[in-house]
Amino acid sequence: MKLFKNQKLTLYNSFSKKKEIFTPIHDGFIGMYVCGPTVYSNVHLGNCRTFLSFDLVFRYLKHLGYKVRYVRNITDAGHLENDADSGEDRIAKKARSEKIEPMEVVQNYTIDFHQTMEKFNALPPSIEPTATGHIIEQIGIIQEILKNGFAYEKNGSVYFDVLKFNETHHYGKLSGRNLEDMIANSRELEGQSDKKNPQDFALWKKAEPKHIMRWPSPWSDGFPGWHLECTAMSTKYLGEHFDIHGGGMDLKFPHHECEIAQSEAFCNQNPVNYWMHANMLTLNGQKMAKSTGNNILPNELFTGDNTILSKPFSPTVTKFFMYQAHYRSILDFSSDALEAAEKGYNRMKEAFKNLNTLPTGKDSTMDISAWKQSCYDAMNDDFNSPILIAQLFEAAKFINSVKDGKASITPSDLEILKTAIHSFVFEVLGLQEESISDTNSTKLSDTVALLINLRKEARENKDFATSDKIRDELTAIGIQLKDGKDGTTFSL
RNA sequence: GGCAUCGUGGCCGAGUGGCUAGGCGCCGGUCUGCAAAACCGUUUACUCCGGUUCGAAUCCGGACGAUGCCUCCA
């Protein structure tokens with residue numbers, strides 16, 4: 001029996017602006033497309049939040065027993081820095097400044113992206129297609145859109161005719177924009193654009209002579225428009241109509257709006273049943289962005305090599321911090337918030353370690369089945385990870401009480417509890433225990449163990465001057481001793 | 001200017017028309033040679049002004065403020 005038969009998942013559809021009961025097109029199967037990164041520089045923490053939000057979605061859907069095909073693209077074709085007709089593409093710019101091939105830029109940052117997501121213990125998508133690998137498919141779609149009369153060719157470029165499209169379809173239905181308002185508000189100083197209207201967007205751009213990334217097409221040597229690759233790749237791997245399309249909030253307009261228009265112009269089919277948008281991670285109250293420099297890279301966070309935070313933070317703690325906020329809320333990043341998350345996470349982790357040695361009794365003083373269902377209720381309610389984590393803290397408190405003999409649990413309930421915690425912590429949240437056991441850390445812990453023993457002897461001899469000296473000087477180095485009932489442990 | 005989202009206690013951050021979020025911090029307790037750690041307990045709230053309602057922080061209207069999008073962006 002698949003879990004999804006019993007668990008009623010609802011999710012917020014940005015298209016209808018409502019929470020809806022989730023029903024897949026094909027029972028038991030889910031097609032999900034998420035817009036991936038443009039690989040012209042290191043992925044920053046804000047980018048990571050979006051992918052971690054959808055990793056949670058992917059993991060929970062799988063946990064429920066669905067067979068999920070998760071497609072996330074890599075944008076590796078150079079797109080222009082602005083909407084002007086001439087200009088430089090980001091990847092070519094980077095290639096020139098670093099004196100390498102554009103494809104080396106792409107390779108570099110694709111690898112960086114993969115390594116970073118792996119550190120966060122994010123699952124790889126089922127298919128990770130690249131824009132440059134699907135030029136033929138993109139050209140095919142342009143031809144269809146031209147044939148259907150929703151695009152026009154001008155000087156070797158092809159543009160989507162938004163006004164024409166809007167006569168028979170609705171452009172702006174995802175973002176709530178109204179074309180008349182957009183036209184009224186676009187008082188741009190018209191240059192020498194090939195576009196009929198400022199709202200039109202490129203399906204194919206003719207490459208200027210200096211443009212390095214270029215492909216032949218019926219119209220010119222050029223490159224595809226940015227919005228087109230997602231239409232081409234989602235259609236190819238998920239079909240003309242699929243279940244979930246996700247991406248960052250900032251892609252809602254124009255990117256996702258244009259995707260809908262392209263699909264409808266191409267096959268007269270609304271492509272997506274459920275649109276999901278993950279909200280921004282901010283720093284100093286502003287959106288993290290590569291261009292403004294208001295961002296932090298994952299590695300700067302893990303190593304502590306940055307001016308923003310007081311200390312390094314592990315990928316797991318960072319992820320836990322992110323999941324303590326709902327994916328649709330803006331989350332502000334700060335040292336204080338991260339430290340609070342770290343302390344909470346460690347406390348929870350310590351409590352769960354006691355699961356294996358927990359004494360059992362004749363009855364349970366907590367309703368474990370109800371608790372377990374409340375975890376599902378949290379996730380079923382639009383992937384509400386903050387509530388799930390709150391429930392996990394309730395379990396942690398209960399476990400500590402059982403350990404102290406102030407509460408009890410039956411053997412069968414303990415099994416349910418263990419399994420549920422394992423499922424939610426490792427499978428669903430994907431919080432992985434980092435095991436650093438290289439030889440140096442072994443030597444370090446042996447050395448500290450030696451000092452702990454010396455201190456213990458001093459204490460037994462009531463030589464508190466010596467014992468306190470050991471403790472205080474270790475503290476000064478950054479090693480904290482923790483005296484417990486069963487001896488002394490330490491933490492860095 | 002247009003579109004959208006949001007405004008919760010010392011901080012972070014959920015949620016609901018009447019009933020506990022949770023985490024961190026503070027404070028108190030247990031433990032300790034003392035402390036720290038750990039564990040237990042506890043405290044402060046819903047931007048402002050109207051309206052609907054028996055009752056609203058939660059619904060509606062307005063004001064103020066914040067953020068995102070309207071150009072590449074997760």
Side-chain angles (χ1 to χ4, degrees), chain A residues 14 17 34-38 40-41 43-54 72 75 78-84 87 89-90 172 175-178 180-182 184-188 198-199 226 246-255 257 277-282 285-292 320-321 324-326 328-334 336-348 350-351 378 381 384-394 396-397 400-401 403-404 406 459 462-464 467-468 471-472 475 480-485 488-491:
Chain A
S14 339
K17 299 188 176 66
V34 171
C35 292
T38 305
Y40 72 91
S41 65
V43 61
H44 65 68
L45 206 64
N47 303 118
C48 294
R49 184 188 180 200
T50 295
F51 302 126
L52 290 173
S53 294
F54 288 105
R72 186 183 64 205
T75 298
H79 294 299
L80 298 184
E81 287 186 296
N82 56 50
D83 203 30
D89 90 63
R90 293 175 177 285
S175 56
R177 274 159 224 248
N178 161 326
E180 283 75 45
D181 290 348
M182 286 164 59
N185 284 312
S186 67
R187 53 175 116 89
E188 70 180 48
Q199 283 69 37
W226 172 44
M249 199 66 168
D250 50 351
L251 299 183
K252 195 171 180 183
F253 187 89
H255 185 59
E257 198 69 72
H277 289 97
N279 220 323
M280 300 291 103
L281 183 66
T282 62
Q286 305 281 122
K287 173 188 170 186
M288 281 198 196
K290 293 173 189 175
S291 50
T292 58
F320 183 77
F321 159 73
Q324 273 192 302
H326 187 82
R328 280 193 291 119
S329 297
I330 292 169
L331 176 63
D332 194 57
F333 189 78
S334 70
D336 286 352
L338 216 44
E339 270 181 67
E342 182 173 56
K343 284 180 186 168
Y345 172 69
N346 286 334
R347 195 165 73 80
M348 194 176 90
E350 289 304 315
D381 183 13
N384 199 322
S385 54
I387 300 276
L388 170 62
I389 289 172
Q391 293 301 336
L392 292 174
F393 274 111
E394 293 299 327
K397 193 184 282 184
N400 288 331
S401 298
K403 193 187 167 205
D404 281 5
K406 291 173 186 155
R459 290 176 73 194
K462 306 259 188 254
D463 178 7
F464 297 123
S467 68
D468 288 356
R471 181 177 71 194
D472 296 343
T475 304
Q480 189 192 27
L481 297 186
K482 299 173 181 178
D483 294 330
K485 280 208 168 75
T488 303
T489 56
F490 74 98
S491 70

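Numbers restart at 1 for each chain; the letters A, B, ... are given by sequence-line order, proteins then strands.
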Nearest-Å distance once atom P is located in both rC12(B) and rC54(B): 38 Å
C1'-based separation of rU8(B) from rG1(B) [nearest Å]: 31 Å
Sugar-phosphate, base or nothing in reach of Glu394(A), heavy atoms under 4.0 Å: sugar-phosphate
Sugar-phosphate, base or nothing in reach of Gly285(A), heavy atoms under 4.0 Å: sugar-phosphate
Given RNA chain B, 5'-ward residue of the pair Phe253(A) and Gly176(A), judged by closest heavy atom: Gly176(A)
Touch class at under 4.0 angstrom, heavy-atom based, for His44(A) against every strand present: base
Sugar-phosphate only, base, or nothing, as touched by Gly46(A) at under 4.0 Å among non-hydrogen atoms: base
Spacing of the C1' atoms in rG68(B) and rC26(B) (rounded, Å): 35 Å
Contact letters for nucleotides 30-42 of chain B, in which S counts primed atoms plus P, OP1 and OP2 and B counts the base, heavy atoms under 4.0 Å: --SBBBBB-SSS-
Aromatic plane relationship, Phe321(A) with Phe333(A) - under 30° parallel, 30 to 60° tilted, over 60° perpendicular: perpendicular
Atom pair distance, as rounded to whole Å: NE2 in His255(A) and P in rA74(B): 10 Å
P-based separation of rU43(B) from rA21(B) [nearest Å]: 10 Å
Nearest-Å distance once atom P is located in both rC24(B) and rA38(B): 9 Å
Between CG on residue Leu251(A) and OG1 on residue Thr50(A), distance to nearest 0.5 Å: 8.0 Å
Between CG on residue Asn400(A) and CE on residue Met348(A), distance to nearest 0.5 Å: 12.0 Å
Polar side-chain atom of Asp381(A) near backbone of Asn384(A) as donor-acceptor pair, under 3.5 Å: no
Length of the line joining Phe393(A):CZ and rG23(B):P, which is rounded to integer Å: 6 Å
Between rA4(B) (P) and Met182(A) (CE): distance, integer Å: 13 Å
For Arg347(A), all residues meeting salt bridge (Lys or Arg N to Asp or Glu O under 4.0 Å), sequence neighbours excluded: none
P-based separation of rG17(B) from rG25(B) [nearest Å]: 32 Å
Set of side-chain contact (heavy atoms from CB on, under 4.5 Å) partners for Ala325(A), sequence neighbours left out: Arg49(A), Leu331(A)
Footprint string (nucleotides 10-19 of chain B, 5' to 3'): B base within contact, S backbone only, - free, heavy atoms under 4.0 Å: --SSSS----
Asp483(A) side chain reached by Arg459(A) side chain, heavy atoms, under 4.5 Å: yes
Pairwise P distance for rA35(B) and rC27(B), with rounding to whole Å: 14 Å
Which nucleotide in rA21(B), rG68(B), rA74(B) has an atom nearest any side-chain atom of Arg177(A): rG68(B)
Interatomic spacing from NE2 in His277(A) to SG in Cys35(A) - rounded to 0.5 Å: 8.0 Å
Atom-pair distance (NZ on Lys287(A); P on rA66(B)), nearest Å: 19 Å
Backbone N/O of Ala378(A) and side chain of Gln391(A): donor-acceptor pair under 3.5 Å: no
Approximate separation, where rounding is to 0.5 Å, of Ile389(A) CD1 and Tyr345(A) OH: 10.5 Å
Integer-rounded Å distance: rG68(B) C1' and Asn279(A) CG: 7 Å
Sugar-phosphate only, base, or nothing, as touched by Leu338(A) at under 4.0 Å among non-hydrogen atoms: nothing
With Ser334(A) via side-chain contact (heavy atoms from CB on, under 4.5 Å) - residues at least two apart: Asp336(A), Ala337(A)
Upstream residue (5' side of RNA chain B) when Thr282(A) and Asn178(A) are each assigned their closest nucleotide: Asn178(A)
Nearest-Å distance for atom pair CE/C1', residues Met249(A) and rC6(B): 10 Å
Any Gln391(A) side-chain N or O less than 4.0 Å from OP1/OP2 of rA21(B): no
Short side-chain to backbone donor-acceptor contact, Asn346(A) and Lys343(A), under 3.5 Å: no
Met280(A) CE to rU5(B) C1', straight-line distance once rounded to whole Å: 12 Å
Ring-face cation of Arg177(A) near Phe253(A) (centre distance under 6.0 Å, axis angle within 45°): yes
P atoms of rC46(B) and rG10(B), separation to the nearest Å: 10 Å
Base-paired stems that RNA chain B participates in, counting runs of 3 or more Watson-Crick or G-U pairs under 3.5 Å: B:1-7 with B:64-70, B:10-12 with B:22-24, B:27-30 with B:38-41, B:47-51 with B:59-63
